[in-house]
Undergrad: 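Dropping the structure in here first, questions after.
Note on naming: letters A, B, ... go to the chains in the order of the sequence lines (proteins, then strands), and numbering restarts at 1 for each one.
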Amino acid sequence: MLLVNTLREERERVLTGLKKRKLDAAAEIERIVRLDDRRKELQSRNDELLAERNQLSKEIGDLFKSGKKDEATAKRERVNAIKQDVSGLEEEMDTVVRELEEALLQLPNVPHEKVRAGSSAEDNEVYRPYEGTLPKVGSDAKPHWELAETYGIFDLELGVRTTGSGFPVFTGQGARLQRALVNLFLDRNTAAGYTEYAPPLLVNEDTARATGQLPDKEGQMYHVQTDDLYLIPTAEVPLTNLYRGELLEADSLPIRLTGYTPCFRREAGSYGAHVRGLNRVHQFDKVEIVQLAKPTESYAKLEEMVDHVAGLLDELGLPYRILRLCGGDMGFTSAMTYDFEVWSAAQERWLEVSSVSNFETYQSNRLKLRYRTERGTELVHTLNGSALALPRIIAALLENNQSPEGILLPEVLHGYVGMQRLQPVVA
RNA sequence: GGAGGAUUGGCGGAGUGGUUGAACGUGCCUGAUUCGAAAUCAGGUGUACCUUCACGGGUACCGGGGGUUCGAAUCCCUCAUCCUCCGCCA
C-alpha cells in the first residue's frame with residue numbers, strides 16, 4: 001500500500017510510474033489526498049476536544065475533593081457535551097479512514113524508473129538472454145506429460161481420483177526427484193545465508209492482506225470457510241509475515257529467509273495445451289527466498305537474488321533467460337520483477353520457473369515493518385523470489401534430458417536422487 | 001472439547017477508579033570520576049498520529065474490540081493468545 005505522503009510529495013513520479021501499468025490515477029490520487037486532508041482536520045478537532053475533556057476531568061476531581069459540588073456539576077455537563085461532539089467526530093473519522101484505506105488498497109505499486117511501460121507479456125524486456133544454442137531433442141521427442149507415464153514420474157488421473165484436476169500425484173522416482181530438488185534448493189539457499197523456515201500453510205486474513213494477496217487476489221486463494229483461513233499461494237505470504245509489526249535494529253538488516261512449502265492456486269480459467277501436464281497445476285512445491293533490506297540497499301539485494309537463482313539454474317544445466325517485466329505484466333504489489341524462464345525443448349517454449357521482485361515499501365507499509373535509523377524509523381524494503389518452483393523445472397529436466405539411455409540427470413542431482421539417470425518403468 | 005490461571009515498557013516486575021506513559025529493578029545511551037576499564041554517581045532512554053519553519057504543544061496506546069464513568073492499566077462485556085489440569089488424537 002502506498003503512503004499518502006508519497007502521493008502528496010511525489011505526485012508526478014507516482015503518476016508517470018502508474019502510467020506504465022496503463023493506469024491513469026490522477027483523479028483517484030486527488031481524491032485520496034482530499035480524504036486525508038479531511039482526516040487530519042477531524043483529528044485535530046477531536047484532539048482539541050479530548051484535551052479539554054482531560055483538563056476538565058482533572059478539575060472536577062479537585063473540586064470534589066474540596067467539596068465544591070456545584071462547580072463540579074457544571075463542569076460535568078460541559079464534559080458530557082464534549083463527549084457528544086467527540087463521538088460524532090469519531091464516527092465521521094472512522095468513515096473517512098475506512099474510505100481512505102479502501103482507496104489506497106486499490107492502488108498498485110509504482111513501477112521502478114527502469115521498468116518499461118507495457119500492457120502484457122509481449123512488452124517484457126529480455127534482461128539477460130540465453131547465450132548458448134537451445135537444445136534440440138529431435139522430432140520424436142516427447143513432452144513431459146508423456147515422459148511422466150513412461151518413467152512413472154507423476155500421475156494426473158490419480159490426482160483426479162483423490163482430489164480433482166490439477167493435483168498431480170508424484171510417484172516413485174518422480175517423488176524422489178521432487179524431494180531431491182527441494183533439498184538441493186534449500187541447501188543452496190541456506191549456504192547463501194538464508195535462514196530456513198517451515199511455516200504454516202494456512203494463514204489468517206491479516207496475513208493475506210499484509211503481503212497483498214487480499215483484496216487483490218481473493219479469488220485465487222483457497223479459502224477454508226469454517227475457520228476463515230487461506231491456503232497459501234506462495235511461501236512469501238507466511239515468511240514475510242513472520243516480521244509483521246516489528247521494529248528492527250538497522251544492524252539486523254538485511255534479513256534473509258528461505259522456506260519450502262506446497263503452494264495452492266485456484267487459477268480459474270484457461271485450459272488446453274498450455275496447461276497440460278505440470279505447466280499449470282493447483283498444488284505445487286516451491287522453495288522461496290525472502291529478504292528484508294534497507295531502502296538504500298534493496299536493489300543491490302534484488303540483483304543478488306537474481307544471481308543466486310541464476311546459479312541454481314546453471315547448476316541444473318537448464319537453458320534459461322531472464323526477463324524484466326513491463327509495468328502491465330508485473331504483479332500488483334511489485335516495483336520491479338525479474339522472471340526466469342527455462343527452455344522446454346519438447347514443447348519448444350519458455351516456461352516461467354521463478355519470479356524475483358522488489359516490493360519496496362508497498363508490503364512493509366501494510367506489514368508495519370520498520371527499522372530504526374538515526375533520524376527515527378523507516379519502512380524496510382521487502383523482496384522475494386522463487387528458488388525455485390518445482391513443476392516446470394521437472395518438466396524441463398524431463399524434456400531436455402531425454403535420451404535413448406533414459407532421462408539424464410545433471411551431476412548436481414546424482415547424490416540427491418541416488419542415481420544418474422531415470423529409467424523407464426514401462427516398455 | 002471441558003475446568004482454572006495469566007496477558008503491563010527491551011527484559012523482570014509493581015500498580016484495583018483521579019495529577020500513571022506508568023513505581024522499582026535491570027538493560028541501553030550521555031556525562032562525571034579513571035592513564036584506561038570495572039565499580040560508583042548524575043541525567044536521559046517507547047510507538048503512532050495531529051500541530052509547529054523550529055523550539056515545543058496536543059491526542060492515543062498497559063493482548064484486540066466494545067461498554068460504564070466527569071475521569072479506566074485499574075470496573076463490566078466480548079474475542080484472541082499463552083500456561084496448568086482433564087478428555088480426544090497423528
Undergrad: Can you check the distance between B/rA14 and B/rC82, where both ends of the measurement are the P atom (answer in whole Å)?
TA: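 That atom pair is separated by 23 Å.
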Undergrad: For A/L50, answer base if it contacts any base atom (sugar-phosphate contacts may also be present), sugar-phosphate if it contacts only those atoms, and nothing otherwise; contact means non-hydrogen atoms under 4.0 Å.
TA: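 Here A/L50 touches the backbone only, sparing every base.
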Undergrad: Taking the side chain of A/D47 as its heavy atoms from C-beta onward, which of B/rU59, B/rC70, B/rU47 lies nearest to it?
TA: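 Shortest atom-to-atom distance from the side chain points to B/rU59.
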Undergrad: Could you work out the separation of B/rG21 and B/rU74 based on their P atoms and round it to a whole Å?
TA: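 It comes out at 13 Å once rounded to the nearest Å.
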Undergrad: Just wondering, more than 12 heavy atoms not from A/E10 lying within 6.0 Å of its CD?
TA: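 For A/E10, atom CD is crowded (more than 12 foreign heavy atoms under 6.0 Å).
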Undergrad: Determine the Euclidean distance between corresponding C1' atoms of B/rA32 and B/rU69; express it in Å to zero decimal places.
TA: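 These two C1' atoms come out 50 Å apart once rounded.
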Undergrad: Could you state the CG-C1' distance from A/L63 to B/rU19, rounded to the nearest angstrom?
TA: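 Those two atoms, CG and C1', are 14 Å apart.
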Undergrad: Is A/K75 touching bases, backbone alone, or none of the nucleic acid, heavy atoms closer than 4.0 Å?
TA: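 No contact.
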Undergrad: Applying the Watson-Crick and G-U wobble criteria at under 3.5 Å, what pairs with B/rU81? Answer none if nothing qualifies.
TA: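 Looking at the geometry, B/rU81 pairs with B/rA6.
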Undergrad: Using the C1' atom in both, what is the distance from B/rC50 to B/rA23, to the nearest Å?
TA: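 Straight-line distance between the two C1' atoms is 31 Å.
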Undergrad: How far does the P atom of B/rU78 sit from the matching atom of B/rG2, given to the nearest Å?
TA: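 Approximately 15 Å lies between the P atom of B/rU78 and that of B/rG2.
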Undergrad: Could you tell me whether A/R372 contacts a base, only the sugar-phosphate backbone, or nothing, with contacts defined as non-hydrogen atoms closer than 4.0 Å?
TA: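 Answer is sugar-phosphate: A/R372 comes under 4.0 Å of backbone atoms only.
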Undergrad: Searching all strands shown, indicate the nucleotide that pairs with B/rU30 (Watson-Crick or G-U wobble; both distances under 3.5 Å).
TA: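 Here B/rU30 is engaged in a pair, and the nucleotide opposite it is B/rA42.
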Undergrad: Under 4.0 Å between a side-chain N or O of A/T73 and OP1 or OP2 of B/rC70?
TA: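 Checking A/T73 against B/rC70: no side-chain N or O falls below 4.0 Å of OP1 or OP2.
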Undergrad: With a 4.0 Å cutoff (strictly under), does any side-chain N or O of A/R53 reach OP1 or OP2 of B/rC70?
TA: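 No, A/R53 has no side-chain N/O under 4.0 Å of OP1/OP2 on B/rC70.
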Undergrad: If you compare every side-chain N and O of A/N46 against the phosphate oxygens of B/rG58 (OP1, OP2), does one of them come in below 4.0 Å?
TA: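 So the side chain of A/N46 is outside the cut-off, no N or O lying under 4.0 Å from OP1 or OP2 of B/rG58.
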Undergrad: Which base sits across from B/rU59 as a Watson-Crick or G-U pair, both distances under 3.5 Å?
TA: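 Base-paired to B/rA48.
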Undergrad: With a 6.0 Å cut-off on ring centres, are A/H308 and A/Y194 close enough?
TA: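 A/H308 vs A/Y194: aromatic centres under 6.0 Å.
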Undergrad: Can you tell me, in whole Å, how much space there is between the P of B/rG64 and that of B/rU7?
TA: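 So the two P atoms sit 13 Å from each other.
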Undergrad: For the rings on A/Y127 and A/Y338, is their centre-to-centre separation under 6.0 Å?
TA: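 So the answer is yes for these two rings.
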Undergrad: In residues 57-64 of chain A, what donor-acceptor pairs under 3.5 Å come from side-chain atoms, sequence neighbours left out?
TA:
from	atom 1	to	atom 2	distance (Å)
A/S57	OG	A/R53	O	3.0
A/E59	OE1	A/K75	NZ	2.6
A/E59	OE2	A/Q55	NE2	2.9

Undergrad: My understanding is that a pair needs two contacts under 3.5 Å, Watson-Crick or G-U wobble. By that rule, which nucleotide pairs with B/rG25?
TA: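 For B/rG25, the partner nucleotide comes out as B/rC11, under the 3.5 Å rule.
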Undergrad: Under 3.5 Å, side-chain donor or acceptor atoms of residues 151-160 of chain A against the rest of the protein: list the pairs with distances, not counting sequence neighbours.
TA:
from	atom 1	to	atom 2	distance (Å)
A/D155	OD1	A/E157	N	2.8
A/D155	OD1	A/L158	N	3.0

Undergrad: Would you say a side-chain N or O of A/N54 is under 4.0 Å from OP1 or OP2 of B/rG71?
TA: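 Answer no for this pair, as no side-chain N or O of A/N54 is under 4.0 Å from OP1 or OP2.
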Undergrad: Whether A/R370 contacts B/rA48 is assessed here as follows: a side-chain N or O lying under 4.0 Å from the phosphate OP1 or OP2. Is that the case?
TA: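 For B/rA48, OP1 or OP2 has a side-chain N or O of A/R370 closer than 4.0 Å.
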Undergrad: Taking CG from A/N204 and P from B/rC79, how many angstroms apart are they, rounded to a whole number?
TA: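 Atom-to-atom, A/N204 to B/rC79, this comes out as 18 Å.
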Undergrad: How long is the gap from OG on A/S386 to CZ on A/F340, to the nearest 0.5 Å?
TA: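 Going from the OG atom of A/S386 to the CZ atom of A/F340 covers 9.0 Å.
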Undergrad: For B/rA72 and B/rA60, measure between their C1' atoms and round to the nearest Å.
TA: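 Per the computed distance, 14 Å lies between those C1' atoms.
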Undergrad: Rounded off to whole Å, could you give me the CZ-to-C1' distance for the A/R98 and B/rG65 pair?
TA: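 Computing the A/R98:CZ to B/rG65:C1' distance gives 14 Å.
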Undergrad: In whole Å, what is the span from the CG atom of A/N365 to the C1' atom of B/rC49?
TA: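 For the pair A/N365 CG and B/rC49 C1', the rounded distance is 14 Å.
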Undergrad: In whole angstrom, what separates A/K40's NZ from B/rA60's P?
TA: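 Rounded to whole Å, this separation is 20 Å.
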Undergrad: Measuring only between side-chain heavy atoms, which start at C-beta, is A/R256 closer than 4.5 Å to A/I289?
TA: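 The answer is no; the side chains never approach within 4.5 Å.
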Undergrad: Quick one: A/L369 CG to B/rU47 P, roughly how many Å, whole number?
TA: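 Result: 16 Å.
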Undergrad: Which residue lies toward the 5' end of RNA chain B, A/L56 or A/A51, if each is placed at its nearest nucleotide?
TA: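 Its nucleotide being nearer the 5' end, the pick is A/A51.
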Undergrad: Rounded to the nearest Å, what distance is computed from the NZ atom of residue A/K83 to the C1' atom of nucleotide B/rG66?
TA: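 That distance rounds to 15 Å.
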Undergrad: Write down the partner of B/rU69 under the Watson-Crick or G-U wobble criteria, each distance required to be under 3.5 Å.
TA: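 Paired with no nucleotide.
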Undergrad: With nearest nucleotide decided by heavy atoms, which residue, A/D94 or A/I60, maps closer to the 5′ end of RNA chain B?
TA: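 First, find each residue's nearest nucleotide; the 5'-ward one identifies A/D94.
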Undergrad: Using the P atom as the reference point in each nucleotide, state the distance between B/rC11 and B/rG63 in Å, no decimals.
TA: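 The answer is 13 Å between these two P atoms.
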Undergrad: Rounded to the Å, how far apart are A/L248 CG and B/rU47 P?
TA: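 My rounded result for the distance is 14 Å.
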Undergrad: My understanding is that a pair needs two contacts under 3.5 Å, Watson-Crick or G-U wobble. By that rule, which nucleotide pairs with B/rG1?
TA: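 Pairing partner, where one exists within any strand: B/rC86.
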